[in-house]
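Here is the structure we will look at, set down as structure tokens.
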2 protein chains.
Amino acid sequence: MESAASVPKPPRPERRLSLLDETILAPGAVKINVQGAFIVDELESQGKNSSEDGAQHDTRGIRLPHHTDVVSHVALDIGGSLAKLVYFSREPNSKELGGRLNFLNFETDRIDQCFEFVQQLKTTQQALSGSLPGELCVMATGGGAYKYYNDMKKLLGVEVLREDEMECLIMGLDFFITEIPREVFAYSDTDPMQFEEPRADIYPYLLVNIGSGVSMIKVSGSRQYERIGGTSLGGGTLWGLLSLLTGARTFDQMLAMADRGDNTTVDMLVGDIYGTDYGKIGLKTTTIASSFGKVFKMKRQGESEAEDGSGLSNGDPQRADGSRAPERAFAPEDISRSLLYAISNNIGQIAYLQCEKHNLERIYFGGSFIRGHRQTMGTLAYAIKFWSNGEKKAYFLRHEGYLGSVGAFLKRQPRNWGRRNSFEESSQA
Amino acid sequence: MESAASVPKPPRPERRLSLLDETILAPGAVKINVQGAFIVDELESQGKNSSEDGAQHDTRGIRLPHHTDVVSHVALDIGGSLAKLVYFSREPNSKELGGRLNFLNFETDRIDQCFEFVQQLKTTQQALSGSLPGELCVMATGGGAYKYYNDMKKLLGVEVLREDEMECLIMGLDFFITEIPREVFAYSDTDPMQFEEPRADIYPYLLVNIGSGVSMIKVSGSRQYERIGGTSLGGGTLWGLLSLLTGARTFDQMLAMADRGDNTTVDMLVGDIYGTDYGKIGLKTTTIASSFGKVFKMKRQGESEAEDGSGLSNGDPQRADGSRAPERAFAPEDISRSLLYAISNNIGQIAYLQCEKHNLERIYFGGSFIRGHRQTMGTLAYAIKFWSNGEKKAYFLRHEGYLGSVGAFLKRQPRNWGRRNSFEESSQA
């Protein structure tokens, strides 16, 4: 159960508002100047904070030191489980030029809170810039851009521009790969963040976006992309099953439990079946043969032991006194770890096979499922390495959940955004 | 819970023994004459019967009308969850020549019962043939052939020959495809059993063997095979998770529940996210975007409603009176159907991708997971059709769980078993 003490104290809505007081947002068409953009790695702003109203504030903002134009839009990527918001603000308490991109997410079933927050942004904008009501524009993507389109327009009284989900994901990812230092990294247990330098020659690649479900998108060039597959076994599956099987009530509780768990109490390993390895086909004794494969038989064993104890042997778990035989308990930590492994491994294998089919070597894993969680990244990276014999490579991002919303945010500017263009602009300025 | 009334009455062990009284088993090297083999489709012997001691007797035996030699061996494929037994017997109450292959399975965690049954076969054999103790031979395969090797030898006092699991699977499958009419079929909801004629030109193909875990084996020719992949999300995962999530205690109960369930109460569909379809990338409104994707949010909603009812709003599900807020219940039937879909779809997709990588068109699905269950076969067949645009084809078998044990059974004869050879033998006889 969640207690106030176990959760980092969030910035309260009022504090956010006071940040917003510093924010200058103004209407009009904008070109985002991304020159020299970098992640704000302040010590106090590491990690993610949960607020009491369900919003998650990712405090790792991105500084845009050369962007001086007003920004009149926010971007919102509304998925099946989470709504991801990106907005621009001036640096608070600072005389520095530029500003920063802020990243914030809400649970989609509490989308009202998200809309309230955007409403506050709009109000503040009006207060600061004196612009007319309705001049804030929401760039919306994800399924919720359609589902909540009318609500958004009506509740917020703003213009809502809908953008294609896949296109936004790719634009956002391209931005992170090409522009942001210390954003993209390869993972290994011994060296968890091997950063990649921003690079221009990025195509072709596979994007595996893991939200509630999983989309796999082959990207062959700028705006050349195709959704080649996906799987329904994604974050929603993990969260849904674990909320049924464990006492956990938040994703982070589930991940914390997985960290402490031992999957070998519930998974059937090759060694459990063979008593040894199956060397002939390269299956080690520790390979997981069947996820949750021990549960059924252990439950049955537990029941028959309980039956033996009560003198019954006819397969009926009802005891003589009418009470049910106690079930063999499985630790929620072990269940969490097993399911995290199963889902991550499975995504890794399908991603590898799609790469084989489409002749791709680099895989970028994005989406809110990953949450910077080491075990998740470790399993995904290992699966790619294992299946491809090291020939394909997995990459991760620090803003992995915000590809779509950043893409939507950047859409509010001409096609040729980016470094070169930014230089031209700043030299003209 | 299982009740005596809801389960077809099994043949009791005594009846089996009386069948065995009719059985002539004798030691010595054997050539199985498979000429004219066919499935015994007697009305009273359709389907599968559960006995009280946990053994499952598959009464669809295979008649071998021309096999007259004595048979001194039985074959046992011991997997992670089930042990599958194949043995030969003369036709009971009949003056017909030949005999039949019998198919029987036991839960691996009740392997003692399996050994007891084999012990009875051995005893009966001794009584009938007067052969010396130890002249029954057990052909053993599967992981349990290693794990239980010493137990088998010691308990049964017989010779145990271990055979490679993959090789047995392939030999068994080749036998079914090439020799047995009305064994192999394609499935569609409107025409559930489109039988394939026995054929000789069978290579290359993919075998997807679904037991506790899943093995995928590429078969290029006679005895030319390679395990190219697999997944830990198999039958053991379905059985394990459903035994935790529902009251079901047997596989058949779980499948029966899945038949009655509606997965859309727990799965998040494309329509749930978009409010419509996502036509641009061909995702229909009814496509499952996230398996169990509705559970997490519905559980949270249920909790917050309960909290509202008790006047609490601080996120703590503890009520004022100390009791926990009631959780939103999900029907075990719906959970069963969702998980069955998820596991079957996933296997189908990975099988398709392996076919793409290895340039294969025909996929045979074997293993005890399938159990002749229409929904399972329908989902697997649909997944192959969907992903391959109808270019690849899924096949099923009536003895899908017995590939390995039949293969092991047939190993006790020269390499060139089969129709042509059988003709030669019978013309020599």
Side-chain angles (χ1 to χ4, degrees), chain A residues 1-2 52 79-81 107-109 143-144 146-147 164 166 212-213 227 229 231-234 236-237 239-241 243-245 249 266-268 270 272-276 278 280-281 288-297 299-301 315-317 330 342 345-346 349-350 353-354 356-357, chain B residues 1-2 52 79-81 107-109 143-144 146-147 164 166 212-213 227 229 231-234 236-237 239-241 243-245 266-268 270 272-276 278 280-281 288-297 299-301 315-318 330 342 345-346 349-350 353-354 356-357:
Chain A
M1 201 179 309
E2 199 170 320
E52 284 167 4
S81 299
E107 288 181 28
T108 301
D109 62 321
Y146 296 83
K147 187 169 179 183
D164 178 72
M166 300 299 148
S212 307
R227 187 186 191 277
T231 164
S232 71
L233 293 166
T237 316
W239 304 324
L241 283 173
S243 73
L244 290 175
L245 291 168
R249 294 179 64 244
V266 294
D267 289 349
M268 187 185 285
V270 167
D272 293 319
I273 304 176
Y274 274 79
T276 171
Y278 188 4
K280 189 170 171 186
I281 54 175
I288 300 172
S290 172
S291 297
F292 291 90
K294 272 184 191 154
V295 171
F296 183 76
K297 64 166 63 182
K299 244 181 143 272
R300 291 285 291 257
Q301 278 171 9
D316 187 335
F330 296 91
N345 257 325
N346 191 62
Q349 179 177 186
I350 294 177
L353 286 168
Q354 291 284 11
E356 283 289 289
K357 176 170 157 63
Chain B
M1 204 179 307
E2 200 170 316
E52 285 166 3
S81 298
E107 288 180 29
T108 301
D109 62 321
Y146 295 84
K147 188 170 179 182
D164 178 73
M166 299 298 147
S212 307
R227 187 186 191 276
T231 163
S232 71
L233 293 166
T237 316
W239 303 326
L241 283 173
S243 74
L244 290 176
L245 291 167
V266 294
D267 289 348
M268 187 185 284
V270 167
D272 294 318
I273 304 177
Y274 274 80
T276 173
Y278 188 4
K280 190 170 171 186
I281 53 174
I288 300 172
S290 172
S291 297
F292 291 90
K294 271 183 192 155
V295 170
F296 183 76
K297 63 167 63 181
K299 242 179 146 272
R300 292 284 292 254
Q301 278 171 10
D316 187 334
Q318 201 91 15
F330 297 91
N345 257 324
N346 191 62
Q349 180 178 187
I350 294 176
L353 286 168
Q354 291 285 12
E356 282 289 289
K357 176 170 160 62

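What you see below is based on every heavy atom in this structure, not just the backbone, and it leaves out hydrogens, waters and symmetry mates. Just so it is clear: chains get the letters A, B, ... in the order the sequence lines come, proteins before strands, and each one is counted from 1.
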Which heavy atom of [X] sits nearest a heavy atom of [Y], and at what distance?
| X | Y | value |
| --- | --- | --- |
| B/F296 | A/W239 | CD1-O, 3.8 Å |
| B/M268 | A/S81 | CE-OG, 4.2 Å |
| B/S290 | A/G213 | CB-N, 3.8 Å |

Whether B/T237 side chain and A/S291 backbone form a donor-acceptor pair below 3.5 Å: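 Pair found, side chain donor or acceptor close to backbone of A/S291.
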If you count heavy-atom pairs within less than 4.5 Å of chain A, which of B/G234, B/G236, B/A342, B/G143 leads?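 Most heavy-atom pairs within the cutoff with chain A belong to B/G143.
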Given a strict heavy-atom distance threshold of 4.5 Å, which part of A/A289 is in contact with chain B: side chain, backbone, both, or neither?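 Backbone only.
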Could you tell me the separation between the [atom1] atom of [X] and the [atom2] atom of [Y], rounded to the nearest 0.5 Å?
| X | Y | atom1 | atom2 | result |
| --- | --- | --- | --- | --- |
| A/I273 | B/Y146 | CD1 | OH | 13.5 Å |
| A/L353 | B/E356 | CG | CD | 10.5 Å |
| B/D267 | A/S212 | CG | OG | 12.0 Å |
| A/K299 | B/S243 | NZ | OG | 5.0 Å |

Among the listed options A/G79, A/G240, A/S232, the residue most often paired with chain B at heavy-atom distances under 4.5 Å: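 Most pairs with chain B among the choices: A/S232.
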Could you check whether any side-chain heavy atom of [X] comes within less than 4.5 Å of a side-chain heavy atom of [Y], counting everything from C-beta outward?
| X | Y | result |
| --- | --- | --- |
| B/V295 | A/L241 | no |
| A/N346 | B/I350 | yes |
| B/Q349 | A/Q354 | yes |

Please classify the contact of B/K297 with chain A as side chain, backbone, both or neither, using a heavy-atom distance under 4.5 Å.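 For B/K297, the contact with chain A is made by backbone and side chain together.
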